[in-house]
Amino acid sequence: MLVRFWGTRGSIPVALTSADIRRKVETALALAIAKGVDTPEKARAFIDNDLDFSIAQTYGGQSPCVEIETGRTEFLVCDMGSGARAFGGHVMAAQKSGPLVVNVLMSHVHWDHIMGFPFFTPAYLPGAHIRIFGCHDVLEEAFRLQQSAPCFPVDFSRLSAKIEFIKLEAGKSVDIAGYRVTPKLQRHTGDSYGYRFERDGKAIVYSTDSEHKLEDPAETEGFVAFFRNADLVIFDAMYSLLEAVSVKEDWGHSSNMVGVELAQLANVKHLCMFHHEPAFNDERIQSVLNETIRFEKLTRGERPLIVTAAYDGMEIDV
Amino acid sequence: MEIKNKTYSDVLVLSPEGRIDHANSEDFRNGLALFIERCKSDGERVVLDLAGVDYISSAGLRCFMLAEKQAKSRGGTIVVAAMQPVVKEIFEISRFTLVFDTFATVQEAIAKLSPVALKAYQA
Ligand SMILES: [Zn+2]
Ligand SMILES: [Zn+2]
């Protein structure tokens with residue numbers, strides 16, 4: 001089971017600026033000089049072994065879109081944020097023969113989670129079949145609305161693919177693309193839903209745009225049960241704990257610390273921080289990740305928890 | 001959850017003990033609230049002495065935030081003192097250091113808050 005991240009940023013897509021790139025190059029070159037890097041081979045090894053991810057690479061800036069490989073001809077993806085544009089290219093390139101089927105699980109219809117759909121090429125392809133699953137009554141309405149005049153040139157009705165909207169219910173499992181999929185209601189303005197995907201004794205949870213009320217033990221227990229023994233939990237860790245319980249209380253997002261605590265309570269194997277704050281640069285996301293790894297060590301029970309921060313293009317083999 | 005407490009002039013020192021986590025955070029919160037409610041409304045100062053606390057979860061830290069709000073609305077201040085190394089690191093990672101002044105010892109905290117209380121503490 002391979003998970004591939006096409007978009008990992010929250011709220012609005014962001015891009016590196018020329019100043020950001022320049023700073024990375026400058027830092028990398030200074031370190032390389034100090035290290036005596038003077039051949040292409042040494043340079044490659046230096047990039048791989050000596051440079052921080054935040055200098056050598058980038059977390060990326062596309063909004064949420066996460067593919068779960070199905071091992072079949074059909075595709076499975078969570079959310080249609082701006083990362084869906086590149087995902088669409090991947091689908092077109094990977095599809096060799098037979099009918100093209102894409103299954104989409106929608107956490108909710110806030111703009112950062114639907115904005116990639118008008119740029120999702122398979123939607124324009126006659127014969128393609130796109131099945132959009134979600135728990136919101138307004139699911140179809142939101143997709144149609146964002147592609148209506150005067151905001152977009154191509155009306156939803158002019159898309160050539162067969163596009164189906166399928167309503168799911170929280171707590172009721174369904175079979176999609178070989179996975180047993182269970183939605184869970186989450187605390188977020190207008191509601192959001194997490195999804196637990198199970199197959200061959202493994203479990204992946206996609207839980208974004210979800211605020212956790214720490215004073216409600218029943219709510220905590222509900223999420224511990226939802227995450228229980230998962231091999232991977234993709235978790236909305238947009239804020240610090242301070243922000244989540246003070247100025248940004250009720251903004252509908254969670255923190256790195258609460259992610260670690262819930263994952264530890266639920267005996268999760270791998271916690272992947274997701275829905276990064278758009279105001280954060282690569283260095284900031286990396287330092288939050290380092291702190292979160294440290295927090296996990298400080299609070300570790302019997303079993304260590306792997307902690308990562310998602311980046312556009314990241315693949316996790318579950 | 002019992003919270004040990006001692007008053008030095010216009011400074012109240014509260015000394016919780018053990019773990020503050022999801023299991024007992026509501027108790028802790030109620031305990032704190034009672035003390036702060038009893039504070040005089042003319043800006044009493046509170047020192048949270050964490051020397052006896054070996055672990056604090058997000059739910060526990062949230063109680064600090066609520067206590068701070070409550071104290072502020074009454075014109076008071078809360079500072080944190082004598083954190084064990086692990087608790088100190090958790091406090092930093094949570095970013096609570098942006099809201100709370102922290103001190104290595106209770107004495108340093110009291111010294112910063114009130115000279116009169118310091119005298120009482122040293123007596
Ligand atoms: Zn979002
Ligand atoms: Zn949202």
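Note: hydrogens, waters and symmetry copies are ignored here, and every other heavy atom, side chains too, is used. Naming convention: chains lettered A, B, ... in sequence-line order (proteins, then strands); numbering from 1 in each chain.
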Subject >> Gap separating the OH atom of Y55(B) from the OG1 atom of T299(A), nearest 0.5 angstrom >> reply: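 So the gap between those two atoms works out to 5.5 Å.
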Evaluate the side-chain proximity of [Y] to [X]: yes if any heavy-atom separation is below 4.5 Å, no if none is.
X	Y	answer
V245(A)	F64(B)	no
R95(B)	M257(A)	no
L242(A)	M65(B)	yes

Should we say atom [atom1] of [X] is surrounded by more than 12 heavy atoms from elsewhere, each under 6.0 Å from it?
X	atom1	value
E2(B)	CD	no
K248(A)	NZ	yes
K72(B)	NZ	no
K213(A)	NZ	yes
L98(B)	CG	yes

Subject >> Backbone of S58(B) reached by a side-chain donor or acceptor of E261(A) within 3.5 Å >> reply: yes
Subject >> Interface moiety of V288(A) toward chain B, non-hydrogen atoms closer than 4.5 Å >> reply: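 Interface part for V288(A): side chain.
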**OP:** Please flag which part of E221(A) lies under 4.5 Å from any non-hydrogen atom of chain B: side chain, backbone, both or neither.
**Re:**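 No part of it gets close to chain B.
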Original post:
Charged N to carboxylate O under 4.0 angstrom, R62(B) versus E215(A)?
Top reply: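 The answer is yes: the pair qualifies as a salt bridge.
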**OP:** Report the option among E89(B), H22(B), E26(B) that has the most heavy-atom pairs separated by less than 4.5 Å from atoms of chain A.
**Re:** E89(B)
Original post:
Is it the side chain or the backbone of L61(B) that comes within 4.5 Å of chain A heavy atoms, both, or neither?
Top reply: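 Contact with chain A involves the side chain of L61(B) alone.
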